[in-house]
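In the text below, chain A, chain B and the rest are named by the order of the sequence lines, each starting its count at 1.
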Amino acid sequence: MLEVRNLHVSVGDRKILDGLNLTVKDGEVAAIMGPNGTGKSTLSYVIAGRDGYDVTEGEVLVDGVNILDMDATERANAGVFLAFQYPMEIPGVATMTFLKAALNAQARARGGKELQTPDFMKKVREASQKLQIPQDMLKRALNVGFSGGEKKRMEILQMALLQPKLAILDETDSGLDIDALRIVADGVNALRAQERSFLVITHYQRLLDYIKPDTVHVMARGRIAKTGGPELAHELEKTGYAGFVGEAA
Amino acid sequence: MAAVKETVDRVKAIDVDAYKYGFVTEIESEKAPKGLNEDIVRFISAKKNEPAWMTEWRLDAYRRWLTMEEPTWARVDYPRIDYQDLYYYAAPKSTAGPKSLDEVDPELLRTYEKLGIPLREQEILAGVQSSKVAVDAVFDSVSVATTFRAELAKAGVIFCPISEAVHSHPELVKKYLGSVVPVTDNYFATLNSAVFSDGSFVYIPPGVRCPMELSTYFRINERNTGQFERTLIIADAGSYVSYLEGCTAPQRDENQLHAAVVELIAHEDAEIKYSTVQNWYPGDSEGKGGIYNFVTKRGDCRGARSKISWTQVETGSAITWKYPSCILRGDSSRGEFYSIAISNGRQQVDSGTKMIHLGKNTTSRIISKGISAGRSNNTYRGQVSAHRKATNARNFTNCDSLLIGHDCGAHTVPYIESKNATAVFEHEATTSKISEDQLFYCTQRGLSDEEATALIVNGFVRDVLQQLPMEFAVEAQKLIAISLEGSVG
């Protein structure tokens with residue numbers, strides 16, 4: 001599904017990713033852990049196609065196709081989804097309107113038909129109920145005045161509606177209390193499927209108690225420093241990242 | 001939302017320099033000779049068989065105009081207009097005195113079809129769902145056809161070209177014309193008073209709720225012609241009317257002058273809602289061509305508890321100089337101004353409103369949304385004042401500017417003046433930019449840059465769009481997207 005080969009990325013003069021290699025198979029849930037400032041969020045932005053990052057070397061393949069030449073829109077339409085750490089507020093645009101615009105844009109890009117409004121409404125209602133998102137929230141402007149937990153649930157709702165091939169969750173657990181964390185994790189787990197892969201970026205082990213990863217990668221100094229199974233996350237919980245950061249010294 | 005999709009399709013289909021309404025209709029037209037003097041004023045008056053009092057009114061305005069100076073206080077920059085190099089009258093030749101649509105030149109009707117104006121009655125009914133709109137179309141200078149007149153007449157509503165009202169209702173015209181915007185009000189209004197060619201006249205009798213929305217479409221077609229419409233709307237005691245004005249002009253290299261005057265009079269307990277969607281040709285991306293739009297619009301809340309509401313969506317014109325205002329004369333009267341002004345390319349907009357509180361317990365509300373893109377300049381200029389006797393006057397102003405790109409400007413120039421200690425005026429203003437983060441968030445969900453910009457801008461102007469009649473709101477949404485294309489990336 002996802003293959004990152006020898007990825008070098010700079011912002012200005014600063015090198016952030018330094019020859020990163022990563023493979024995520026179809027249906028796999030891969031966790032990326034690591035201390036702050038090692039380039040975890042950069043990796044997610046580079047895969048999603050945000051401007052401002054200078055890719056000096058390497059490839060990012062999704063289903064064998066190098067997506068680095070595509071703009072963010074094309075990547076989204078190719079099935080790449082990013083659940084943002086800090087979802088943006090769009091004043092004046094009702095959440096429902098935004099969801100429909102996104103869903104229709106992707107449907108059109110794939111040569112499909114736009115959803116009829118009643119079908120769309122039904123789909124949104126079902127998906128939002130699972131995430132305990134009240135209906136009146138869908139009428140409010142997207143993310144404006146939403147709590148941290150509401151914003152994260154809204155990201156998962158978008159993911160559920162857009163049904164991506166590759167979903168990247170960037171620190172989705174940050175700012176969530178334990179109940180909200182469970183709702184979000186249930187939402188993600190419900191979407192696990194053979195044709196969908198996840199890249200779960202997190203700082204803490206906590207999230208991985210709810211979203212059980214197939215593999216855990218430790219990132220340090222702009223590359224994957226260690227790869228293992230779910231047990232690696234528990235190990236890190238005890239030892240911390242000191243060992244990895246220390247290597248840099 | 002279907003409108004968003006349509007918006008997007010329109011954006012895709014249109015190029016910056018390919019103004020959609022840039023076509024010229026081949027119709028023989030009858031022009032007055034170039035230039036302006038008393039003879040031209042007499043010529044225009046004679047063309048309309050005007051009574052002597054009207055001719056004198058025009059001549060008086062013309063003589064006053066000669067003594068006046070063109071104003072320079074607005075934040076707009078343009079080469080001096082040579083007023084002797086313009087045509088002041090152009091009438092499509094084939095339309096002398098049409099009695100019905102059948103007599104109108106089919107070429108004209110095709111032009112309106114291209115503009116998407118539902119001139120034919122069936123089209124009107126089909127196009128705007130269940131609501132009815134009566135259209136008075138002004139093609140260059142002559143009102144071509146007025147629909148629905150019979151039905152309106154039944155309700156006692158007078159809706160006709162002002163040139164006709166001069167003959168059929170001289171007492172009303174004499175009483176109200178120039179009573180809100182005096183002949184000597186300002187340079188452009190005075191010029192209009194001398195040479196105005198046509199426009200709409202509306203009178204709603206006491207207690208009548210106008211049975212349909214009234215609408216005028218203006219279109220400037222002839223080369224080098226100024227268009228000087230004159231609109232006069234009178235809502236008698238306890239009546240209500242909603243009036244829609246839409247404008248387009250063909251694409252031309254030369255600048256065309258447009259100096260209109262609109263006067264509204266609301267008597268006791270009457271309400272006038274005046275909505276404008278203006279998309280005159282803005283000039284090309286280098287600032288060549290386009291309309292100079294120097295317009296004086298003013299409403300007089302003459303009676304107690306009367307209400308006048310201006311809503312405008314301004315996307316066109318090379319230069320806009322326009323301040324729809326309310327004189328709150330009647331006690332407890334109310335004025336509202338809702339505006340979306342979008343500038344792109346090299347457009348210059350200096351627009352806003354005036355709320356003049358004269359009566360007691362008068363209230364006003366101003367919501368202005370300015371959007372600047374390209375290398376344009378967008379200025380909000382607004383005056384709120386309370387007279388000595390305006391006890392308990394209240395105003396709320398909210399003035400937001402949105403910048404797209406790095407080379408445009410947004411300016412806010414409020415004038416607030418209170419001579420009564422009990423008046424309360426509130427002013428809020430913000431300036432913001434569409435952030436890269438917002439755009440990335442939207443594109444990450446599959447929207448193109450342009451779809452994303454249109455969505456964010458539509459969100460920004462939402463408060464004002466909600467004030468527009470339904471069919472206008474949809475049109476306005478499309479226009480917003482069209483006028484912003486080419487502004488991102």
Side-chain angles (χ1 to χ4, degrees), chain A residues 44-45 47-53 70-110 114-117 120 141-144 151 154-155 157-159 161-162 164 168 170, chain B residues 1-9 11-12 338 340 367 369 371 398 400-402 405-406 428 430-468 473-474 476-477 480-481 488-489:
Chain A
S44 69
Y45 286 144
I47 295 172
R50 184 180 177 158
D51 286 340
Y53 295 93
M70 300 180 181
D71 63 24
T73 307
E74 291 165 331
R75 294 185 205 193
N77 291 330
V80 175
F81 180 91
L82 171 62
F84 284 69
Q85 185 179 0
Y86 303 108
M88 295 309 298
E89 299 183 355
I90 316 283
V93 177
T95 300
M96 211 56 148
T97 305
F98 182 83
L99 295 176
K100 197 165 184 207
L103 220 54
N104 284 339
Q106 297 210 5
R108 277 198 308 275
R110 291 174 195 146
E114 294 189 3
L115 276 176
Q116 295 295 308
T117 302
F120 165 76
L142 181 67
N143 290 328
V144 177
K151 285 182 182 173
M154 198 50 79
E155 294 294 287
L157 173 63
Q158 292 180 43
M159 182 168 82
L161 292 170
L162 293 170
I168 307 165
D170 188 5
Chain B
M1 208 159 62
V4 172
K5 192 212 163 269
E6 272 183 68
T7 298
V8 166
D9 292 344
V11 168
K12 278 191 192 138
Y338 299 99
I340 298 169
I367 308 286
K369 306 277 180 181
I371 296 140
N398 174 278
D400 295 330
S401 306
L402 186 69
H406 305 285
E428 288 178 3
T430 65
T431 301
S432 53
K433 275 190 80 162
I434 290 188
S435 74
E436 297 288 322
D437 288 341
Q438 279 179 323
L439 280 177
F440 174 60
Y441 187 82
C442 295
T443 53
Q444 209 299 306
R445 299 300 187 244
L447 302 177
S448 68
D449 281 347
E450 283 178 332
E451 287 169 316
T453 306
L455 190 75
I456 294 167
V457 170
N458 272 313
F460 176 73
V461 301
R462 187 183 148 97
D463 298 348
V464 174
L465 281 182
Q466 285 172 335
Q467 300 296 329
L468 285 170
V474 174
Q477 263 188 340
I480 289 165
V488 280

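In terms of heavy-atom pairs under 4.5 angstrom with chain A, the leader among B:Ser435, B:Ala452, B:Gly446 is B:Gly446. Ranking A:Arg75, A:Glu74, A:Glu155 against chain B, the residue ahead of the rest is A:Glu155, based on heavy-atom pairs under 4.5 Å. Considering only heavy-atom pairs separated by less than 4.5 Å from chain B, the leading option among A:Thr117, A:Leu162, A:Asn77 is A:Asn77. In terms of heavy-atom pairs under 4.5 angstrom with chain B, the leader among A:Ala78, A:Ala141, A:Ala94, A:Pro91 is A:Pro91.
For A:Phe120, the CZ atom counts as densely surrounded, since its 6.0 Å shell holds more than 12 non-hydrogen atoms of other residues, nucleotides or ligands. Around CD of B:Gln466, the count of heavy atoms belonging to other residues, nucleotides or ligands within 6.0 Å exceeds 12.
Between the CE atom of A:Met88 and the CD atom of B:Gln444 there is a distance of 13.5 Å, given to the nearest 0.5 Å. Note that CG of A:Asp71 and CG of B:Asp449 are 7.0 Å apart. Values are rounded to the nearest 0.5 Å. Note that CZ of B:Arg462 is 7.0 Å distant from OG1 of A:Thr97, once rounded to the nearest 0.5 Å. In this structure, CZ on B:Phe440 lies 10.0 Å from OG1 on A:Thr73, to the nearest 0.5 angstrom.
Within the 4.5 Å cutoff, side-chain heavy atoms of B:Asp437 are placed close to those of A:Arg50. Looking only at side-chain heavy atoms (C-beta outward), A:Ile90 and B:Ile456 come within less than 4.5 Å of each other.
At a 4.5 Å heavy-atom cutoff, A:Pro164 makes no contact with chain B through either its backbone or its side chain. Both the backbone and the side chain of A:Leu82 come within contact range of chain B, each with at least one heavy atom under 4.5 Å from a heavy atom of that chain. Heavy atoms of B:Tyr441 lying under 4.5 Å from chain A belong to its backbone as well as its side chain. Residue contact with chain B, scored on non-hydrogen atoms closer than 4.5 Å, is absent for A:Ala109. Heavy atoms closer than 4.5 Å to chain B are found in the side chain of A:Leu142, but not in its backbone. Looking at B:Arg445, both its backbone and its side chain come within 4.5 Å of chain A, counting heavy atoms on both sides.
The two residues B:Gln438 and A:Glu89 have their closest heavy-atom pair at NE2-O, 2.9 Å. What you find for A:Ala105 and B:Leu447 is that their closest heavy atoms are CB-CD2, 3.7 Å.
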